[in-house]
Structures are given as C-alpha cells and as structure tokens.
> 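Sharing a structure below in structure tokens format, with a few things to ask.
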Protein chains: 2
Amino acid sequence: MAETLNERSQNILEAIVEDYIASAEPVGSRAITRRHSFNLSPASIRNVMADLEDMGLLCSPHTSAGRIPTAKGFQYYIDSLLEIRDLSSRERETLQSSYRFQGMKMEDIMQEVGRVMSGLSQYTGLVMAPKFSSTVFRQIEFIRLSEGRVLVIYVSESGLVQNKIITADAGLTNQQLEQISNYLNKELNGLSIQEVRAKLSSELQEERVRFDQLKKQALSLSHAALQDEVENQIYVSGASLMLEQPEFSSPQQMKKLIQTLESKSLLIELLDRSQSAQGVQIFIGSESSQIDLDGCSLITSNFSNQKGAIGTLGVIGPVRMNYSKVIPIVDFTAQLVSRVLGREIE
Amino acid sequence: MAETLNERSQNILEAIVEDYIASAEPVGSRAITRRHSFNLSPASIRNVMADLEDMGLLCSPHTSAGRIPTAKGFQYYIDSLLEIRDLSSRERETLQSSYRFQGMKMEDIMQEVGRVMSGLSQYTGLVMAPKFSSTVFRQIEFIRLSEGRVLVIYVSESGLVQNKIITADAGLTNQQLEQISNYLNKELNGLSIQEVRAKLSSELQEERVRFDQLKKQALSLSHAALQDEVENQIYVSGASLMLEQPEFSSPQQMKKLIQTLESKSLLIELLDRSQSAQGVQIFIGSESSQIDLDGCSLITSNFSNQKGAIGTLGVIGPVRMNYSKVIPIVDFTAQLVSRVLGREIE
DNA sequence: GTTAGCACTCTGTCGAGGCGAGTGCTAATT
DNA sequence: AATTAGCACTCGCCTCGACAGAGTGCTAAC
C-alpha cells in the first residue's frame with residue numbers, strides 16, 4: 001500500500017495534513033506557500049496536489065475549496081511521515097504525576113485513567129478493564145443471602161473483584177458453604193479462569209458417578225459462578241470534549257457521535273480488536289470500514305500485569321487528531337498502568 | 001403559590017400545555033379553537049392568554065408567536081390540572097415484564113432499571129444505587145494482596161458488594177486476617193454502617209491503652225476500610241434519546257445537555273435532594289433554579305429494602321415532557337425495585 | 001520544470017421582499 | 001358586560017439575487 005512519493009510530494013502532503021490538523025479547514029495552495037517556505041509558487045503546489053488527489057491521498061469537498069486529506073492520506077502520514085519523539089524524562093514525570101492511583105481498587109483506577117487521558121488529550125478517553133476470563137484465580141467466597149440464593153465473590157490474583165448471585169440448593173448451610181469455598185480455594189489456586197473452567201467441566205463429568213456429595217456441590221456451585229462471561233467493563237470519559245471539535249458541530253454529527261460513544265458494545269468490539277496486537281494501535285475511521293467510526297480515529301494500547309490479565313486503553317478523537325501529542329500519552333499511560341497493576345500483586 | 005384560576009382559564013391553560021407538550025411549538029389562539037371545542041373565538045382566547053401571561057404562567061418568545069408555558073405554568077399544570085390515572089393491572093404486567101432481574105447482582109439491576117425506564121419513556125433514565133452508608137453490615141473479608149496491601153471486601157445485608165484496597169501492617173499473616181474478619185463479623189453483625197463507624201471510633205479510643213493486639217488491629221483495619229464515603233454510583237441510560245427532542249436541536253443546547261448528563265456530581269446532587277422526600281418528586285428546570293437543569297425536568301422516586309438501604313431512580317426529560325406517561329412508570333418502577341431488593345435478602 | 005495570468009466554479013453572506021402566523025386594540029354585536 | 005369580528009401591525013422565516021472571497025485548472029510564457 002505504501003506507494004513511494006518523492007520527497008517534495010511527501011513534504012507537501014505533510015504540510016497539508018498538519019495545516020489541516022491545526023485548522024480543520026480545507027487547505028489551499030496559497031495557504032501552503034504562505035505558511036511554509038517551499039520556495040515554490042502556488043501553481044506548482046497545485047500540480048503536486050492534483051497528483052496526490054489522483055493517488056487518493058487528498059480530496060476536495062468541492063471544485064473551489066482547498067484539499068483535505070483522506071483516511072488513506074492520514075494513514076500515509078502516520079505510517080511514513082509522523083515522527084513520534086520520545087518523551088523527555090520531565091514530560092514523563094509530569095504525565096506520571098497527573099495520575100493518582102494510591103489506594104485505589106481496580107474500578108477506580110480504570111476510571112481515573114480514562115479521566116486523565118481525556119483531560120490531557122482534550123479528546124475522549126476509553127478504558128476497557130481486563131476481561132474476567134483473562135484473570136488468574138485467587139479466591140472465592142460464598143455468602144448465603146436467602147434460601148437458595150447465594151452471593152459469590154470472586155477475587156483474581158490482580159485484585160479484581162467480581163460478584164454474582166446464583167441460585168443453589170436451598171438446604172445448603174453456611175458451614176457447608178464455607179467447606180466448599182475452602183475446598184475450591186485450595187483446589188483452584190493459581191489457575192487461569194480458562195483452566196478453572198476446563199477443570200470444573202471435566203471433574204463434573206467424573207464426579208457424576210461418585211458419592212462425595214460435598215465435592216459435587218462445590219463443583220456445580222463454582223461452575224455456575226464462573227460460567228458466563230461477564231460483560232466487559234468499559235469506561236468512557238470526556239465525551240463532551242469531542243463536541244467542541246468543529247467536525248462534530250452539526251446536530252446530526254453530534255447525535256451520531258454520542259450514540260456511538262453510548263453504545264458500549266461497539267466500543268468493546270473496537271477495543272477487543274486491538275487487544276490481539278502489541279504496542280500502540282491506530283484505527284482511522286472511514287465510511288469504508290465495517291465499523292461505523294465516521295470521522296473518528298482511535299489510538300489504543302494494551303496494559304497487563306505479569307499474571308496475564310490484559311486490558312485496553314485509548315483515546316478516541318477526530319481523524320484530524322493531534323497524533324504526535326496523543327500517541328505518547330496513550331503509550332506511556334499503558335506502561336504506567338501495567339506497572340501499577342503489577343505492583344498491586346507484588 | 002396556587003393562585004386560583006377560574007375554570008375557563010384553567011381549561012385554556014391545560015389546553016395550551018398539552019398542545020405544547022405534543023408539538024413543542026408556541027401555541028396560538030387560533031390553534032386552540034381549532035383543536036379544542038371551547039365555543040369561543042380566538043379573540044376571547046387571546047384575552048385569557050393575556051391574563052395568564054400577566055400571572056407568569058405563559059410567555060411568548062416574541063410578539064407575533066404563540067404562547068408557551070413558563071416553568072411556573074408547568075408547575076401549576078402538574079400540581080392542579082394533571083390527573084394521573086392509576087395503571088391498569090394489564091399495564092402493570094406489561095411494565096413488570098419489561099424488567100428481567102433474575103440472577104442479577106445489584107449493579108446489573110441498577111443498570112437494567114435505567115435502561116428499561118429510558119426505553120419506555122424515550123427520555124433519559126437515571127439511577128442512583130443505595131449509598132454505602134445507608135446499608136447494614138453483613139460480612140467483611142480481608143485478602144492479602146502483597147506486603148502491606150490488603151483487599152477488603154464488604155457485603156451488606158442487601159447483597160451490595162464493595163471492595164477497597166488498604167495499606168496495613170506488613171507483618172499481618174493470612175491467619176491473622178482470618179481471625180480478624182471472624183471477630184469483626186461476629187461483632188458488627190446487623191449494625192448499620194453509621195453504627196459500625198461509631199462503634200469502631202469509640203472502641204478504638206478505649207483500646208488504645210489495652211494490650212489485645214489482635215483486637216486493636218481488627219479495629220484499625222476495619223476502621224480504615226469503612227471510613228471514607230464511597231462515591232455514589234450513578235447510572236445514566238439513553239442520553240442520546242434526548243437529542244431527538246426539538247428543544248435540544250441546536251449544537252449549543254446539545255453540548256450543554258451532554259455536559260450536564262456527563263457530570264455525575266451534578267446528577268448526584270439532584271438525586272440526593274429527592275432522597276429526603278417520599279413518593280414521586282418532580283423538579284422543573286429553569287434558569288432561576290440554582291441547579292442548572294435548563295430546559296429539563298426530572299421525575300424521581302426512591303426505592304428501598306426493608307433494611308433501609310435507599311436509592312433513587314428517575315427519568316430526566318425536557319420540561320415539555322409527557323408527565324402523565326412518565327410519572328406512573330417511575331412510580332411503579334420504584335415499587336418494583338423495592339420489592340426485588342427486598343426479595344434478595346428475604 | 002516552474003510560474004504568471006486568467007477564466008471559471010463554488011460557497012457564504014447580506015439585504016430586500018413576500019408570506020404566514022399571531023397579536024393587541026377597537027368597535028360592533030349579543 | 002362579555003364576546004367577537006375586523007384590522008393594522010409585528011415578527012420570524014424563506015427565497016432570491018448580488019457579490020465578495022477563495023481556490024482551482026489550464027495555457028502560455030519563462
């Protein structure tokens with residue numbers, strides 16, 4: 001896909017993209033000569049621009065407006081022209097000090113991360129907490145709420161707490177529940193949830209013929225508790241900041257954007273995709289893509305602790321987003337969160 | 001405040017409010033004679049309208065538009081003219097069957113309630129979960145995460161689960177933690193959080209001089225765990241539905257609305273106010289009110305279980321909201337949730 | 001290969017004019 | 001005395017045409 005552009009074309013494309021990022025307006029040939037010193041006349045610029053348009057990197061909203069970069073144009077810019085400088089240690093410190101994680105539980109950390117990323121970037125922050133099934137078993141507790149209704153509390157190695165209400169044999173006593181949880185805590189310690197599920201399923205098969213009543217109950221209870229995938233938790237911060245961007249100034253666009261940000265399932269799908277990859281990922285929204293992220297770009301990165309729980313965080317902004325500013329923020333934040341989560345469990 | 005209006009004025013005010021609710025447009029004297037059969041000419045209607053305007057119940061956006069009800073006009077309508085019919089048992093059933101609460105934990109129930117109310121009303125659903133401090137102690141568990149870092153899990157009588165990470169004496173063993181939780185579970189059983197806090201504070205004072213090391217640790221640990229008020233959980237559903245309403249069609253209004261719905265603290269303050277009252281509460285937003293709920297009305301009701309945990313739910317919509325439809329929804333939902341939460345704990 | 005010049009195209013703004021809806025006032029009617 | 005018909009007036013909104021501004025593509029000259 002990376003067609004080779006000669007250096008002049010690259011420079012001009014870069015100038016156009018950057019001017020457009022700054023102004024959100026179509027940029028014309030004269031504007032380029034004014035703002036950059038290429039020692040070229042507007043007419044020459046126009047020739048190059050026509051070429052770039054032929055290649056699908058630029059387009060013009062109408063005959064007599066300037067050009068704006070297409071999604072492909074942005075892609076090229078990001079892949080080939082954008083240089084992301086590393087953060088200076090001072091910047092790292094400032095960034096780090098924006099976050100306050102002391103004494104926070106998982107949910108609060110996720111929330112805080114979204115809030116700060118949104119504040120720093122002035123776009124919308126997105127955080128998806130580690131999936132339940134990517135965690136490692138640490139402890140399970142049962143609390144009898146009423147006849148046949150039991151509250152299950154599950155704690156992962158990383159300190160993630162989940163709870164769920166399940167129905168169970170009405171005759172179960174508190175003591176039995178305690179025995180059951182003791183048994184399970186010993187038995188399942190250190191296994192990943194996938195392993196736990198597999199183990200439970202196979203043992204349930206085996207045990208069906210045996211007579212250890214307690215063990216049987218333990219297995220079926222924990223099986224019920226850990227069975228369904230819990231819906232992914234997702235945190236959206238600073239949605240209203242996006243409404244300040246000129247690309248979302250019309251009511252229709254605002255409505256569409258808010259609907260997108262409100263529909264968690266779409267966001268989950270997006271963040272899920274990036275979870276398979278490593279490092280910072282960039283999605284550029286366009287009409288062509290299956291996912292309807294029209295006019296928006298998404299910059300994400302994963303975080304994880306040593307126990308393998310993986311989450312994703314990122315910033316969603318207009319395609320015309322300040323990539324060179326946001327990418328380091330997302331990158332560094334992901335590293336930071338990984339470190340913080342790692343510390344949680346030692 | 002209830003100035004007495006003669007019957008004709010009342011009828012006309014009612015007609016205006018209802019026409020305005022239906023159309024969102026200023027209503028003129030001719031429109032009234034067309035849509036209602038008062039056997040009066042537009043000119044007579046105009047006279048009455050002028051009176052109602054003098055009383056501050058109506059206003060006109062400009063000289064040659066129709067009239068729209070003021071906040072005060074809506075207030076009068078709701079207080080004196082609106083008759084809320086009870087739901088038929090069939091309606092109750094349909095409503096009830098919209099909710100699916102089986103096997104749901106508290107958070108999911110709250111979310112579901114907001115979602116369904118929003119869907120039924122086509123406005124925005126708001127739910128504030130019972131405050132931590134309004135719950136009754138049931139059980140506390142400690143899980144050692146790492147040296148000096150302990151995860152506390154607190155369960156209320158109503159099945160509400162909270163967790164928090166606290167720092168503690170690095171030397172604490174798992175066994176000691178277990179002893180501590182056993183002690184606390186026996187000691188604090190059945191007390192409200194307020195009582196627990198009081199008890200812990202006073203005992204901490206006393207114990208300071210004594211030598212029961214374990215008890216001392218138990219007290220200080222639980223004190224740290226239950227000390228701070230956890231931020232109120234609030235659930236907002238269907239914000240984008242509001243954007244369909246003509247009063248929020250302009251970009252400025254959309255932006256303001258989304259900012260309002262995004263700032264949880266404002267919503268919490270609003271819902272908090274209604275928590276002191278009983279039954280269905282209605283706030284009508286106006287510029288005059290301290291709280292900036294411009295153009296919106298809020299219909300709320302509280303729910304609770306027998307153990308006293310109180311939460312608030314409601315619907316936020318344009319002032320020009322279909323009160324006769326939404327009020328029964330909110331009312332019935334609050335009762336329903338109370339019953340469901342009650343059942344949780346038997 | 002580059003550029004100056006020019007005709008052309010398209011958008012946004014501004015003011016004039018007409019239309020429609022609605023009002024307030026006055027005088028006539030019941 | 002209350003009601004109503006009639007009328008002049010006021011606004012907001014829409015359309016239309018004119019116009020300025022920005023930008024392009026093409027051609028011919030450098």
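Convention: sequence-line order gives letters A, B, ...; per-chain numbering from 1. Hydrogens, waters and symmetry mates play no part in the numbers below; they use all other heavy atoms, side chains included.
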> Judged by atom type as modelled, is there a donor-acceptor pair below 3.5 Å linking the side chain of A/Gln10 to the main-chain atoms of A/Leu81?
no
> Using a heavy-atom distance cut-off of less than 4.0 Å, which residues of residues 15-24 of chain B contact DNA chain D?
none
> Grab the CG-P distance between A/Asp51 and C/dT2 for me, whole Å please.
11 Å
> Tell me, please, which residues at least two apart from B/Glu14 pass salt bridge (Lys or Arg N to Asp or Glu O under 4.0 Å).
none
> Counting distance only, does the side-chain N/O of A/Thr300 pair as donor-acceptor with the main-chain N or O of A/Leu313 below 3.5 Å?
no
> Give the rounded distance in Å between these two atoms: CZ of A/Phe38 and P of C/dT3.
13 Å
> Between B/Gln245 and B/Arg320, do the side chains contain an N or O donor and an N or O acceptor separated by less than 3.5 Å?
yes
> For residues 31-39 of chain B, run the donor-acceptor check on the side chains, cut-off 3.5 Å, and write out each pair with its distance to 0.1 Å, sequence neighbours left out.
{"from": "B/Thr33", "atom 1": "OG1", "to": "B/Arg30", "atom 2": "O", "distance (Å)": "2.6"}
{"from": "B/Arg35", "atom 1": "NE", "to": "B/Asp19", "atom 2": "OD2", "distance (Å)": "2.9"}
{"from": "B/Arg35", "atom 1": "NH2", "to": "B/Asp19", "atom 2": "OD2", "distance (Å)": "3.4"}

> Could you state the atom-to-atom distance from CD1 of A/Ile32 to C1' of D/dG23 in whole Å?
13 Å
> Quick test of your reading of the model: are B/Arg85 and B/Glu91 salt-bridged, counting only N-O distances below 4.0 Å?
yes
> Between B/Glu25 (CD) and C/dG20 (P), how many Å, whole number?
17 Å
> Short question: side chain of B/Arg46, backbone of B/Ser29 - any donor-acceptor pair under 3.5 Å?
no
> Kindly say whether A/Tyr77 contributes a backbone atom to a donor-acceptor pair with the side chain of A/Ser80 at under 3.5 angstrom?
no
> For each nucleotide in nucleotides 23-30 of chain C, reading 5' to 3', give B when a protein heavy atom comes within less than 4.0 Å of its base, S when such contact involves only the sugar-phosphate, and - otherwise.
BBB-----
> Expressed in angstrom and rounded to an integer, what is the separation of A/Ile68 atom CD1 from C/dC10 atom P?
17 Å
> Mind calculating the distance between CG (B/Leu58) and P (C/dG22) to the nearest angstrom?
15 Å
> One character per nucleotide, please: for nucleotides 13-19 of chain C, 5' to 3', B when the base has a protein heavy atom closer than 4.0 Å, S when only the sugar-phosphate does, - otherwise.
-------
> A/Ser41 has a side chain; which of D/dT4, D/dA2, C/dT3 sits nearest to it?
C/dT3
> Looking only at side-chain N and O atoms, does A/Ser9 offer a donor or acceptor that is under 3.5 Å from a partner on A/Asn6?
yes
> Ignoring hydrogens and geometry beyond distance, is a side-chain donor-acceptor pair present between B/Ser237 and B/Arg115 at under 3.5 Å?
no
> Who passes side-chain hydrogen bond (donor to acceptor under 3.5 Å, both in side chains) against A/Tyr323, sequence neighbours left out?
A/Ser297
